[in-house]
J.: 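Attaching a single structure in structure tokens format; questions to follow.
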Amino acid sequence: MLRNLLALRQIAQRTISTTSRRHFENKVPEKQKLFQEDNGIPVHLKGGAFDALLYRATMALTLGGTAYAIYLLAMAAFPKKQN
């Protein structure tokens, strides 16, 4: 049992240590230049069209949820009369 456990641990260590590491390009300096540029665009929209789409979707959901919450509060405050 102990021998199997040691063999398993050795295989796991060998597998982890010999896996190829992925090399990613560092894009942080590019992003820093983009977000620090003084062009009058708010920081939450500097990412481009996708950021604008997310912003508009968030605003629509927020306004819709607020309107629905007010509607439900009004329905709870003024219940229908029972005959």
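All values reported here derive from a predicted model rather than from experimental measurement.
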J.: Please walk me through it: do E37 and Q32 pass side-chain contact (heavy atoms from CB on, under 4.5 Å)?
T.: CA-CA 8 Å; E37 185 178 333; Q32 284 177 337; over 6 Å; no
J.: Got a list of side-chain donor-acceptor pairs under 3.5 Å for residues 59-66, not counting sequence neighbours?
T.:
from, atom 1, to, atom 2, distance (Å)
T62, OG1, T58, O, 2.7
T66, OG1, T62, O, 2.8

J.: Who pairs with F35 by ring pair (Phe, Tyr, Trp, His ring centres under 6.0 Å), at least two apart in sequence or on another chain?
T.: none
J.: Would you be so kind as to tabulate the donor-acceptor pairs closer than 3.5 Å made by side chains of residues 69-76, with sequence neighbours excluded?
T.:
none

J.: To check you understand the geometry: which heavy-atom pair defines the closest contact between Q36 and K46, and what is its length?
T.: C-NZ, 4.3 Å
J.: Please report the interatomic distance CG(L34) to CG(N39), rounded to the nearest 0.5 Å.
T.: 8.0 Å
J.: Heavy atoms, side chains only, cut-off 4.5 Å: are L54 and H44 in contact?
T.: no
J.: What's the spacing between N26 CG and K31 NZ if we round to 0.5 Å?
T.: 12.0 Å
